[in-house]
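Everything on this sheet refers to the single structure shown next.
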Amino acid sequence: MIRTHDAGSLRAADAGTTVTLAGWVARRRDHGGVIFVDLRDASGVVQVVFREEMELAHALRNEFCVKVTGVVERRPEGNDNPELPTGQVEVNVSVLEILSEAAPLPLPVDDHVDAGDDIRLKYRYLDLRRSGPARAIRLRSRASQIARTVLHDREFVEIETPTLTRSTPEGARDFLVPVRLQPGTWYALPQSPQLFKQLLMVGGMERYYQIARCYRDEDFRADRQPEFTQLDIEMSFVTQDDVIELGEAIVGALWRELAGHEITGPIPRITWLDAMARYGSDKPDLRYGVELTELTGYLRGTEFRVFAGAIDAGGYVGAVVMPGGAAQTRKELDGWQDWAKARGARGLAYVVLDAETGEPRGPVAKNLSEAHLAGLADAVGAKPGDAIFFAAATDRREAQEMLGAARVEIARRAGLVDEDAWAFCWVVDAPMFEPADPTGWTAVHHPFTSPNSEWLDSFEQAPDRALAYAYDIVCNGNEIGGGSVRIHRADVQRRVFDLLGITPEEASDKFGFLLEAFKYGPPPHAGIAFGWDRVCMLLAGADSIREVIAFPKTRGGYDPLTSAPTPITPQQRAEAGVDAKPKAPTQAAAAEKPGTAGVAAPVEHSN
RNA sequence: GGUCCUGUGGAGCAGUCGGAGUGCUCGCCGCCCUGUCAAGGCGGAGGUCGCGGGUUCAAGUCCCGUCAGGACCGCCA
């Protein structure tokens, strides 16, 4: 090693020791006759003092990479720096070697300045020298270790699955990779290892996990990148409760060790239907109350057309209360209309209750009958001084989601969110199906999710109400993981495909290899996948997953550091077979379903 | 695909009602300085106000377009 000690490790007990340190110049304070340098390495910072080598030390600049040798000394009386763990000592340098110089910095390596995202990412290697970004990346490593420990203690096997593969049957767009050896054919990057981990269960591995890179070609969010990581888990011979217990063990260990938070007792479970009814969300933030109230029954018979229209069509009217919301200015109340319009609604109906009298006021109040107004506050649990927001729609879920979004916004604007709180829950009993666009049904989760025992024999009779053994774990309003019990019986799988309108031919074409495997004694199995970037983001207290990814991409899918993606040369293009044209399918069956569903067709080799 | 916010020396910002590229903090270059720790003092360099067009006697400022970054919706386990 070039160094004998870590800079951040030195303490008063080390006084008298001669040490050699190596690191970067975090700051230089040049007093002419004496020069102080804060020397930073991965372990922290220590002050080094120059009374020799003055000419060389004078030339030091920020982020020069240096090696120094000197004696650790107790600092003179009154010169301790209580801000630093090493603040009682300093290193009196006798030898200075400049290992490499640094050009003037495009980005200050300074914890006190926060640069824009594009410049940070372009110079991410400088950004990572700062304590905050460095800590986030190190935390991620510890999180992975903690999860691995929990899983290995339980006899899980870590297995890598391919990243050049077929598309998995999940909803998102695939990233595609041209195949030189078979021009005109394409690999897909996996959206998740879903099918492979199920095959591993058939393979008798029984307990699998993988920290798996996944790819989805969809638009970005603060918590979505096109490539992301899942802690992917699958288990055989288990029930939903077993997976949930494991999930709690992992989350419990992570939060105990990395957030200093003890999760006491089992994490509460809420059914999907309850979550939608009470919070208007399938990932409710339980750090605050502000629950929704359904008013479909209460307001039946109203003449206010917006509400009556929804009620008469068999829809939903509901409300959510903003505590103290009556004190909002006209401008703030108008702001809610803009907020609602930004979400694609026509507006957000509201009634405010006078802080003194409790009298309901506002544009909607004029449209409601005396009787409806009189009991309104009690019906929604509002007090004088509160504001009541309404949503109505023929589609129940649409109105609930509007109120759910309003609930989150209310908590934010009214300062109801306890930023130090951790609120976990499981959302269970998710629906199996939802209506597909023109007609028919689509799987909410994926088509291998098992109906729960109650619906196993009858899901066809009421697909809109059928429930799955599917569960999501939610933390502070973020979905951090989700999974399901899988179908392992061929007859049940066949019936689910039938309902989804997937013909045997299609099923065989898309995932015949899985169905084939399921002929040979597949065990009952279930699993879960944690969104590892989100988990680490929450643990790090970051507001974007970019903070816990070493080299993230910007919103446009661009990497400012490498400038990827880039055009390819004509030669690369020809070799990759990007433009190879598949021969016209000859089989009648293939001709009936053009596009992705067809059997890989032979291609013409044009050059 | 849509709505909104941002874009000003290397970094972070301010810039009023349209009136000279004006200002602040940091950094950079030079000098001074023996106890600082986001050191201090003196001096200096550094700008196509993202880009293009328009309105105007006059545009960093107003309008249109465009590019880039960000937040959200659509989309997406």
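A, B, ... follow the sequence lines: proteins, then strands. Residue 1 opens every chain. Hydrogens, waters and symmetry mates play no part in the numbers below; they use all other heavy atoms, side chains included.
Arg216(A) contributes no side-chain N or O that forms a donor-acceptor pair with the base of C75(B) under 3.5 Å. Under 3.5 Å, the side chain of Asp472(A) and the base of A77(B) form at least one donor-acceptor pair of N or O atoms. Between the side chain of Asp114(A) and the base of G12(B) there is no donor-acceptor pair of N/O atoms closer than 3.5 Å.
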Side chain to side chain donor-acceptor pair (under 3.5 Å) between Trp426(A) and Glu248(A): does it pass, once the steps are laid out?
-> CA-CA 10 Å; Trp426(A) 290 98; Glu248(A) 293 186 5; 2.8 Å; yes

Check the pair Asp232(A) / Tyr208(A) against side chain to side chain donor-acceptor pair (under 3.5 Å), numbers first and verdict last.
-> CA-CA 8 Å; Asp232(A) 192 47; Tyr208(A) 142 93; 2.9 Å; yes

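Both Gly116(A) and Gln47(A) sit near RNA chain B, but only Gly116(A) has its closest nucleotide nearer the 5' end. Nearer to the 5' terminus of RNA chain B, by closest-nucleotide assignment, is the contact made by Arg61(A) (compared with the other of Asn81(A) and Arg61(A)).
Ring pair Phe433(A)/Phe459(A) is tilted by interplanar angle, where 30° to 60° counts as tilted.
The ring pair (Phe, Tyr, Trp, His ring centres under 6.0 Å) search around Tyr469(A) returns none, not counting sequence neighbours. With sequence neighbours excluded, the residues that form a side chain to side chain donor-acceptor pair (under 3.5 Å) with Glu90(A) are Gln47(A). Residues meeting the ring pair (Phe, Tyr, Trp, His ring centres under 6.0 Å) test with Phe50(A), sequence neighbours left out: none. In this view, Arg130(A) and Asp114(A), Asp127(A) satisfy the salt bridge (Lys or Arg N to Asp or Glu O under 4.0 Å) rule, not counting sequence neighbours.
Counting non-hydrogen atoms under 4.0 angstrom, Leu105(A) reaches the backbone sugars and phosphates but no base. Arg343(A) comes within 4.0 angstrom of the backbone, heavy atoms only, and of no base. As judged by a 4.0 angstrom heavy-atom cut-off over every strand, Glu401(A) is placed among residues making no nucleic acid contact. Residue-level contact check: Gly482(A) touches neither bases nor backbone, having no heavy atom under 4.0 Å from any strand. In this structure, Arg28(A) reaches neither bases nor backbone, as no heavy-atom distance under 4.0 Å exists between it and the strands shown. Using a 4.0 Å heavy-atom distance criterion, Asp282(A) is classed as making no nucleic acid contact. Counting non-hydrogen atoms under 4.0 angstrom, Pro76(A) reaches a base of the nucleic acid.
Where stacking is scored as ring centres under 5.5 Å apart with planes under 30°, His445(A) does not register as stacked on the base of A77(B). By the 5.5 angstrom centroid cut-off and the 30-degree plane limit, His31(A) is classified as stacked against the base of A39(B).
Distances shorter than 4.0 Å separate some side-chain N or O of Arg29(A) from OP1 or OP2 on A39(B). Between Arg555(A) and C72(B) there is no side-chain polar atom (N or O) within less than 4.0 angstrom of OP1 or OP2. For A11(B), neither phosphate oxygen OP1 nor OP2 lies less than 4.0 angstrom from any side-chain nitrogen or oxygen of Arg130(A). Proximity of Thr554(A) to the phosphate of G69(B): a side-chain N or O atom is located under 4.0 Å from OP1 or OP2.
Near-neighbour residues of RNA chain B inside residues 220-232 of chain A, defined by a heavy atom below 4.0 Å, number-ordered: Arg221(A), Ala222(A), Arg224(A), Gln230(A).
Base pairing of G47(B) is not made with any nucleotide, judged by Watson-Crick or G-U wobble geometry with both donor-acceptor distances under 3.5 Å. Remark: U56(B) base-pairs with no nucleotide in the shown strands. Criterion, Watson-Crick or G-U wobble with two distances under 3.5 Å. Using the Watson-Crick or G-U wobble rule with both distances under 3.5 Å, C13(B) pairs with G23(B). Under the Watson-Crick and G-U wobble criteria, each requiring two contacts below 3.5 Å, nucleotide G30(B) is paired to C42(B). Base-pair partner of C75(B): not found among the strands shown (Watson-Crick or G-U wobble, both distances under 3.5 Å). In this structure C4(B) sits in a base pair with G70(B), meeting the Watson-Crick or G-U test at under 3.5 Å.
The shortest distance between side-chain heavy atoms of Asp464(A) and Trp441(A) falls below 4.5 Å.
In this structure, of C76(B), C33(B), U36(B), it is C33(B) that holds the atom nearest to the side chain of Asp30(A). Distance from the side chain of Tyr558(A) is smallest to G69(B) among C33(B), C28(B), G69(B). Looking at the side chain of Arg546(A), the nearest of the listed nucleotides A77(B), A71(B), C28(B) is A71(B). Nearest to the side-chain atoms of Ala115(A) among the listed nucleotides A11(B), C37(B), G30(B) stands A11(B). Side chain of Asp117(A), nearest nucleotide from G69(B), A77(B), C37(B): G69(B).
G46(B) and C5(B) are spaced 36 Å apart, taking the P atom of each and rounding to whole Å.
Sorted by first and then second residue, the pairs that involve residues 539-553 of chain A and meet salt bridge (Lys or Arg N to Asp or Glu O under 4.0 Å), not counting sequence neighbours, are Asp117(A)-Arg546(A), Arg120(A)-Glu547(A), Glu227(A)-Lys553(A).
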